[in-house]
S.K.: 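Okay, here's the structure, questions in a sec.
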Amino acid sequence: MYLLHLTNMKIHIKISIMLLALAGITSCKDNLEESPYSSLGKDVAFQDEDGLNQATIGVYQAWTTTDHSDIFNRFILTESGHRYATAGILGSGADPYYRFAHTSVSGAFESVWARFYKIIYRANTVIDNAKMAVPGEEEEADPYIAEARVLRAYAYFNLVRLFGGVPLILKEVKSFEDKDLIFAPRATDAEVYEAILADLDFAERILPDSRGGAELGRVSAGTVKALMGKVYLTMAGKPLNRTENFQKAVEKLSELVGAVNEEKYDMELLPVFADVFALANERNREIVLSFGYFVNPSNQNGNILPFHLFPSGLVNGDEQTNYGLTYDYYKLFDKTDTRRDFTLVSRYAFTGGARAGAEPGDSIVYDPKTSHYLNLRTKEPFSHDDFRYGIAFGKLAREARPAGAPVQGYSSDLIELRFSDVLLMLAEALVETGKPADALPLLNRVRARAKATASKASGVSALRAAVRMERRLELSGEFNTVFDIRRWGTLKEEIAAMSDDQIVDNVLIPYTPRLELYPIPQSQIDANPNLRQNDGW
């Protein structure tokens, strides 16, 4: 289970049920002040409001702590397995997931499952113990409880979209006697969504409209409204098909859009797309939800995604490039679209020590005819030429990690939700409620920022297609693509549009209904006799 592992029928608790690890997370980078905390007993951690604050920060920190591999695994599970996903320069770190050959023992499932339940465990500890810290003034605990409930809700939102119904643990596990929690059965999808909305509804009433100063980066009522809109939009699609939630999404997301609302909740669409992702501009007004990394000499554990995604030699010289996007995806963008050459790295100057025939300063350019990068100086393929691969993903801060930092030593935050997503979600919900004319200005607001040609789509069908395409152009690589495909019910079409050229040294698995969800990790099935596997797995 989540934080519990059973080996040889003996329970081993991965994070002590009587201790709370409180590692402070960093600021933006000066906000959410970092403080070194070790594992503390609850009577110490919750003895005053300062301890409660640090415990709450510990829930945020659980989103970014090591193991680093599960951050890349989460990226692969949400951003591969579609018509434009393929291998990178050094092969496919997305295998077997991008060709749908995964099984219940494939390692990515266990790692992301453990991450989300670690977050849930820490959130439950704060929620159940917060009032200990402020005896006689219990209402002072409510804002911290609200933050923990938002972070718990977002963890469950990820789990239910990945795996379907999962064990719904809403109380702290205090001892081995809590077998109803340790061996909880799966809740239904609907029950999980009900719990998510209950958490968000509570938080929406408690949290401030926005954050600033020392609190920048913590969740706000604006964050909650955006998440609620996304939850409603997801519930309206497959598998629940509760289409009445399209209107609920319209109502909730509309609370954030428009000059007055955007000022109230401190949100905006930045004028320059690349600025959204700059290290010097993290937690800007377009970022609705993100989780922070800050690498310095005393803390060298950061974000590993640039190492796995950037083309080799883009900023450091040792990037692995385990994922790529096809040239067909590149061609979807207008030539004037500023997102194209930031999302995809079609050409760059090689940096770092000489490798694979390249030297510092060499121009490396992607050749769609051969599906390889070429070194313009040598006129030879750069690195591998024994298989076809895609264009590298580049939508992260393109800054080298500090000297001596490990491969995960990049400071780019995990961006989970942006205001452009809010605009496109509202546009989609308006289309689905029969108001395509109201959706078009929102769609074109996003396109105008990117200097793309304004859409002239009209009518429900055309606007639906336009908004869906815009989500792929605007939000690629931001933990959305697979979830969008699933709720739209278009996975069968995606697989049919894929070709063998996208797959390295293996075969593409044809569509079956079981692919609409990932399997529950087999280790969890083996550990918990009350869990059942998803159909077909």
S.K.: What do the steps show when you test Phe419 against Tyr265 for ring-ring contact (aromatic ring centres under 6.0 Å, His included), and what is the final call?
M.R.: CA-CA 11 Å; Phe419 187 63; Tyr265 295 105; over 10 Å; no

S.K.: State, with a plain yes or no, whether a side-chain heavy atom of Arg355 is found less than 4.5 Å away from one of Ser312.
M.R.: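 With C-beta onward as the side chain, the pair touches.
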
S.K.: Output, in order, the C-alpha distance, side-chain angles, deciding distance and verdict of side-chain contact (heavy atoms from CB on, under 4.5 Å) for Phe310 and Val345.
M.R.: CA-CA 8 Å; Phe310 282 172; Val345 187; 5.6 Å; no

S.K.: Side chains of Tyr518 and Arg161: does their closest heavy-atom pair fall under 4.5 Å?
M.R.: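 Result no, sub-4.5 Å side-chain heavy-atom pair not found.
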
S.K.: Backbone N or O of Asn480 within a donor-acceptor pair of the Thr78 side chain at under 3.5 Å?
M.R.: no

S.K.: Do you see a donor-acceptor pair shorter than 3.5 Å between the side chains of Arg99 and Gln502?
M.R.: no

S.K.: With a 4.5 Å cut-off on side-chain heavy atoms, are Asp318 and Arg401 touching?
M.R.: yes

S.K.: Looking at Phe342, is Arg398 sitting on its ring face, NZ or CZ under 6.0 Å from the six-membered ring centre and within 45 degrees of the normal?
M.R.: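 The answer is yes; both the distance and angle limits are met.
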
S.K.: Does a sphere of radius 6.0 Å around CZ in Arg468 hold more than 12 heavy atoms from other residues, nucleotides or ligands, not counting ones at 6.0 Å or beyond?
M.R.: yes

S.K.: Could you tell me if the side chain of Leu253 sits less than 4.5 Å from the side chain of Lys225, heavy atoms only?
M.R.: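 No, their side chains stay 4.5 Å or more apart.
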
S.K.: List the atom of Gly352, the atom of Pro360, and the distance in Å for their closest heavy-atom pair.
M.R.: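 What the structure gives for the nearest pair is O-CG, 3.0 Å.
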
S.K.: Step by step, would you call Phe333 with Tyr329 a ring-ring contact (aromatic ring centres under 6.0 Å, His included)?
M.R.: CA-CA 8 Å; Phe333 293 88; Tyr329 178 68; 5.3 Å; yes

S.K.: Would Arg340 and Asp337 pass as an ion pair if we require N to O under 4.0 Å?
M.R.: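 Salt bridge absent between Arg340 and Asp337.
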
S.K.: Can Thr56 and Glu147 be counted as having a side-chain donor-acceptor contact under 3.5 angstrom?
M.R.: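 There is no such pair between these side chains.
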
S.K.: If I take atom CG from residue Leu233 and atom CZ from residue Arg487, how far apart are they, to the nearest 0.5 angstrom?
M.R.: 4.0 Å

S.K.: When you compare the side chains of Asn375 and Asp362, does any donor N or O come within less than 3.5 Å of an acceptor on the partner?
M.R.: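 Yes, because at least one side-chain N or O of Asn375 sits under 3.5 Å from a partner of the opposite role on Asp362.
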
S.K.: Just how far is it from atom CZ of Phe291 to atom CG of Leu414, taken to the nearest 0.5 Å?
M.R.: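 These two atoms lie 8.0 Å from each other.
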
S.K.: Check step by step if side-chain contact (heavy atoms from CB on, under 4.5 Å) holds for Ile169 and Tyr117.
M.R.: CA-CA 9 Å; Ile169 312 302; Tyr117 274 106; 4.3 Å; yes

S.K.: Between Glu172 and Asn129, does any side-chain donor sit less than 3.5 Å from a side-chain acceptor?
M.R.: yes

S.K.: Might you confirm whether atom CD of Glu268 has over 12 heavy atoms from other residues, nucleotides or ligands at distances under 6.0 Å?
M.R.: yes

S.K.: Decide whether Asp385 and His372 meet the rule of one side-chain donor and one side-chain acceptor closer than 3.5 Å.
M.R.: no

S.K.: Mind checking the OH-NE2 spacing from Tyr97 to His102? Nearest 0.5 Å is all I need.
M.R.: 8.5 Å

S.K.: Hey, do the aromatic rings of Trp113 and Phe109 have their centres closer than 6.0 Å?
M.R.: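 Between Phe109 and Trp113, which both carry aromatic rings, the centre distance is not below 6.0 Å.
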
S.K.: Applying the salt bridge (charged side-chain N to carboxylate O under 4.0 Å, His left out) test to Glu478, which of Arg74, Lys395, Arg472 qualifies?
M.R.: Lys395

S.K.: Hey, are the side chains of Ile71 and His308 touching, using non-hydrogen atoms and a 4.5 Å cut-off?
M.R.: no

S.K.: Taking atom CD1 of Ile364 and atom OG1 of Thr378, what is their separation to the nearest 0.5 Å?
M.R.: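 Going from CD1 on Ile364 over to OG1 on Thr378, the span is 7.0 Å.
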
S.K.: Under 4.0 Å between a side-chain nitrogen and a carboxylate oxygen: does that hold for Arg211 and Asp266?
M.R.: no

S.K.: Quick one, Leu200 and Tyr154 - any side-chain contact, counting heavy atoms below 4.5 Å?
M.R.: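 No. Closest side-chain heavy atoms not under 4.5 Å.
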
S.K.: Hey, can you tell me if Tyr366 and Tyr373 have their rings parallel, tilted or perpendicular (30° and 60° cut-offs)?
M.R.: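 The arrangement is perpendicular - the two ring planes meet at more than 60°.
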
S.K.: Any salt bridge linking Asp341 with Arg347? Criterion: basic side-chain nitrogen under 4.0 Å from a carboxylate oxygen.
M.R.: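 Not counted as a salt bridge, because no side-chain N and carboxylate O are separated by less than 4.0 Å.
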
S.K.: Grab the two heavy atoms, one from Phe163 and one from Pro521, that are nearest each other, plus how far apart they are.
M.R.: CE2-CD, 4.2 Å

S.K.: Among Arg115, Lys118, Glu110, which residue satisfies the side-chain contact (heavy atoms from CB on, under 4.5 Å) criterion with Asp70?
M.R.: Arg115

S.K.: Please check this pair: side chain of Thr338 against backbone of Ala450, looking for a donor-acceptor N/O pair closer than 3.5 Å.
M.R.: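 Such a contact is found between Thr338 side chain and Ala450 backbone.
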
S.K.: Compare all side-chain heavy atoms of Tyr330 with those of Leu325 and state whether any distance is below 4.5 angstrom.
M.R.: no

S.K.: Which heavy atom of Trp63 sits nearest to which heavy atom of Asn158, and what is that distance?
M.R.: CH2-ND2, 4.0 Å

S.K.: In the structure I gave you, are the side-chain heavy atoms of Tyr389 and Ser371 within less than 4.5 Å of one another anywhere?
M.R.: no

S.K.: Tell me if the centroids of the rings in Phe277 and Phe273 come within less than 6.0 Å of each other.
M.R.: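 That pair passes the under 6.0 Å test.
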
S.K.: Less than 3.5 Å apart, any donor N or O on the side chain of Tyr144 or Glu49 sitting next to an acceptor on the other?
M.R.: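 Result is yes, a qualifying pair exists.
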
S.K.: Let me confirm one number: the CZ-CG distance from Arg339 to Leu475, rounded to the nearest 0.5 Å.
M.R.: 9.0 Å

S.K.: Using a cut-off of 6.0 Å, state whether more than 12 heavy atoms not belonging to Asp505 lie near its atom CG.
M.R.: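 Open.
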
S.K.: Would you check if there is a donor-acceptor pair between the side chains of Tyr410 and Asn316 at a distance under 3.5 Å?
M.R.: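 Yes, because at least one side-chain N or O of Asn316 sits under 3.5 Å from a partner of the opposite role on Tyr410.
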
S.K.: Quick check: closest heavy atoms across Leu473 and Leu332, and the distance to 0.1 Å?
M.R.: CD2-CB, 3.8 Å

S.K.: Does the side chain of Ser412 pick up a donor-acceptor pair with the side chain of Asn303 at under 3.5 Å?
M.R.: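 Absent: no donor and acceptor within the cut-off.
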
S.K.: Which pair of heavy atoms, one from Tyr60 and one from Gly217, lies closest together, and at what distance?
M.R.: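 Heavy-atom minimum between the residues: CE2-O, 4.0 Å.
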
S.K.: Does the gap between the ring centers of Phe393 and Phe75 come in under 6.0 Å?
M.R.: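 Centroid separation for Phe393 and Phe75: below 6.0 Å.
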
S.K.: Any donor-acceptor pair under 3.5 Å linking the side-chain atoms of Thr481 with those of Glu79?
M.R.: yes

S.K.: Would you say Arg122's side chain and Gly58's backbone share a donor-acceptor pair under 3.5 angstrom?
M.R.: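 Flag set: sc Arg122 to bb Gly58 pair under 3.5 Å.
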
S.K.: Return the CD to CZ distance between Glu286 and Arg418, rounded to the nearest 0.5 Å.
M.R.: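 Going from CD on Glu286 over to CZ on Arg418, the span is 5.0 Å.
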
S.K.: List the atom of Leu374, the atom of Pro381, and the distance in Å for their closest heavy-atom pair.
M.R.: CD2-CA, 3.7 Å

